[in-house]
Amino acid sequence: MKKKILAIIVAVLMMATLFAACNGSENSGELKPIAKEDMKIGFLYIGDIGDMGYSFAHDQGRLALEEAGYETVYVENVPESSDCASRIRDLIENDGCNVIYATSYGHWPYVVEVAKEYPDVYFGHATAGSEILAENLPNVTTYMGAVYESRYLAGIAAGLETKTNKIGYVAAMALPEVVRGCNAFTLGVRSVNPEATVEVIYINSWYDPTAESAAATTLMDNGCDIMAQHCDSTAPQTAAADRGLKSIGYNSPTASFNPTSYMTAPLFHWDVFYLNDVNSIVDGTWAPRNYWEGLDAGMVDLDECINMADSTKAAIEEARAKIVDGSLYIFSGEIKDNKGEVKVAAGEKMAAEDIWGMMWNVEGVIAG
């Protein structure tokens, strides 16, 4: 009888243990430092690392981690759909990742979903700040570069080099990230050329070389003589080169593709964040945050300036110095929208959260 009771107790305990494991209770829910040699970092990219754009730039940050001695893996072409959640789970369960970085805006709901399932895994998400922070998850941080500062500088280049006073801008999605970048670019343009306009076409995709090229062609047919972009391939630059016109890239240095027409590009240095973040996991100082740094932190930059006048380069460097020392605040008034309404009064500065969520166009933007 005693043996039978003991067998029942053992069976119950085994079932309880199995139930707990199936329901994730093996996760402590407490974030603990991870030794460098025990860390495995998984990256999810919206495109492939050969795009010479956004995914390529993030992968340069991943490679910097490997050079620093961290183990990493990556997955390319991760859609902004439920498949993203499956890819994340696979990185954790099959690849053994204990740190995850998702890099595209539309990945954020799936980061939130899986982060709740794995409370002892560290997560980072690029570009979606307030959306994720509103979830108050203790294991998720957000990060982005204040690349609008670099876009302002690129706008100075376009404003001084245009001959038609019409500048084209191939844009991915009508999201705050894209809108604020275009606005900063336009403010840079009009700071040196108040008569110039920036004509925008949205292609509703982050990476679609065919659509990017078609949009650039339409803009040039409309009289735009400089092409700028917030999309991931070099297609707008190549389309401009084919017409003998100048272009401004994005994400990565791409002068080698169009050496006689490329002017410059706003750049990210994702390694600055990634190294900072993983080191904080190792030393136990990590905490959820909305990392958003710019030129002064080295998180963003402007590529070399070529195929432009020396006076244009000088104007860019003067503005850069003022942004870094704080004497130039890009979104300070008076600023009107493209309907003539004053959005930022003279002498006022937009708060960071208002810049982050910006969904209106500044004066000078022609958006289709």
Side-chain angles (χ1 to χ4, degrees), residues 147-148 150-172 174 178-203 209-231 233-250 254-255 257-266 302-320 330 335-340 360-368:
V147 75
Y148 70 85
S150 300
R151 286 201 181 279
Y152 181 91
L153 300 178
I156 292 174
L160 290 174
E161 295 293 321
T162 181
K163 293 180 174 58
T164 64
N165 284 343
K166 297 182 70 175
I167 298 158
Y169 199 99
V170 180
V178 183
V179 171
R180 69 172 171 264
C182 182
N183 282 344
F185 177 82
T186 305
L187 290 173
V189 167
R190 291 169 70 88
S191 72
V192 295
N193 186 349
E195 301 304 315
T197 58
V198 177
E199 187 171 343
V200 184
I201 292 180
Y202 288 98
I203 62 169
T210 301
E212 293 169 35
S213 182
T217 298
T218 298
L219 291 166
M220 290 184 290
D221 287 345
N222 290 346
C224 297
D225 66 342
I226 293 178
M227 292 308 309
Q229 65 181 84
H230 189 144
C231 52
S233 88
T234 58
Q237 300 165 55
T238 300
D242 289 345
R243 294 273 191 104
L245 300 176
K246 294 181 178 181
S247 64
I248 294 169
Y250 182 43
T254 49
F257 290 89
N258 300 292
T260 61
S261 60
Y262 174 90
M263 296 169 66
T264 190
L302 191 70
D303 193 19
E304 63 173 335
C305 292
I306 60 175
N307 297 314
M308 65 180 73
D310 288 342
S311 57
T312 300
K313 297 177 185 178
I316 290 170
E317 288 308 309
E318 181 181 357
R320 178 204 295 270
I330 293 170
I335 300 176
K336 294 180 181 179
D337 66 16
N338 61 354
K339 298 177 182 178
W360 51 271
N361 297 306
V362 300
E363 189 174 40
V365 173
I366 302 171

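Being a predicted model, the structure only gives us computed values, none of them experimental. Nothing fancy with the numbering, it's 1 onward along the sequence.
Considering CE of M308 and CD1 of I248, their distance stands at 7.0 Å, rounded to 0.5 Å. Expressed to the nearest 0.5 Å, how far NZ of K339 lies from CD of E363 amounts to 13.5 Å. To the nearest 0.5 Å, atom CD of residue E199 and atom CG of residue N222 are 4.5 Å apart. Rounding to the nearest 0.5 angstrom, the gap separating the CG atom in N258 from the OG atom in S247 is 5.5 Å. Distance check: E212 CD to Q229 CD gives 6.5 Å after rounding to the nearest 0.5 Å. In this structure, N165 CG and N193 CG are separated by 4.5 Å, a value rounded to the nearest 0.5 Å.
No side-chain heavy atom of H230 sits under 4.5 Å from any side-chain heavy atom of V179. Side-chain contact between N183 and V365: present, with at least one pair of heavy atoms (C-beta onward) separated by less than 4.5 Å.
Nearest approach of Y250 to C231, heavy atoms of both residues: CD2-O, 3.9 Å. Considering every non-hydrogen atom in both M220 and L245, the closest pair reads SD-CD1, 3.6 Å. Between N338 and G364 the shortest heavy-atom distance is CB-N, 4.5 Å. Across every non-hydrogen atom of Q237 and G249, the tightest pair is NE2-CA, 3.4 Å. In this structure, I156 and S191 approach most closely via the heavy-atom pair CG1-OG, 3.9 Å. Counting all heavy atoms, side chain and backbone alike, S233 lies closest to P236 at O-CD, 3.8 Å.
Annotation: ring pair (Phe, Tyr, Trp, His ring centres under 6.0 Å) contacts of Y148 (sequence neighbours excluded): W292, F331. Listed by chain and residue number, R151 satisfy the side-chain hydrogen bond (donor to acceptor under 3.5 Å, both in side chains) test with Y169 (two or more places apart in sequence, or in another chain).
A side chain to side chain contact (heavy atoms under 4.5 Å, CB included) with T186 holds for exactly one of V198, N361, I366, I167; it is V198.
Proximity of a side-chain donor or acceptor of T264 to a complementary backbone N or O of D303 within less than 3.5 Å is detected. At least one donor-acceptor pair closer than 3.5 Å links the side chain of N307 to the backbone N or O of Y262. Listed for the D225 side chain is a donor-acceptor partner under 3.5 Å among the backbone atoms of T164. At distances below 3.5 Å, not a single donor-acceptor pair connects side-chain atoms of T162 with backbone N or O atoms of A158.
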If you apply the rule side-chain contact (heavy atoms from CB on, under 4.5 Å), what do you find for D221 with R243, and how did you get there? CA-CA 10 Å; D221 287 345; R243 294 273 191 104; 2.6 Å; yes
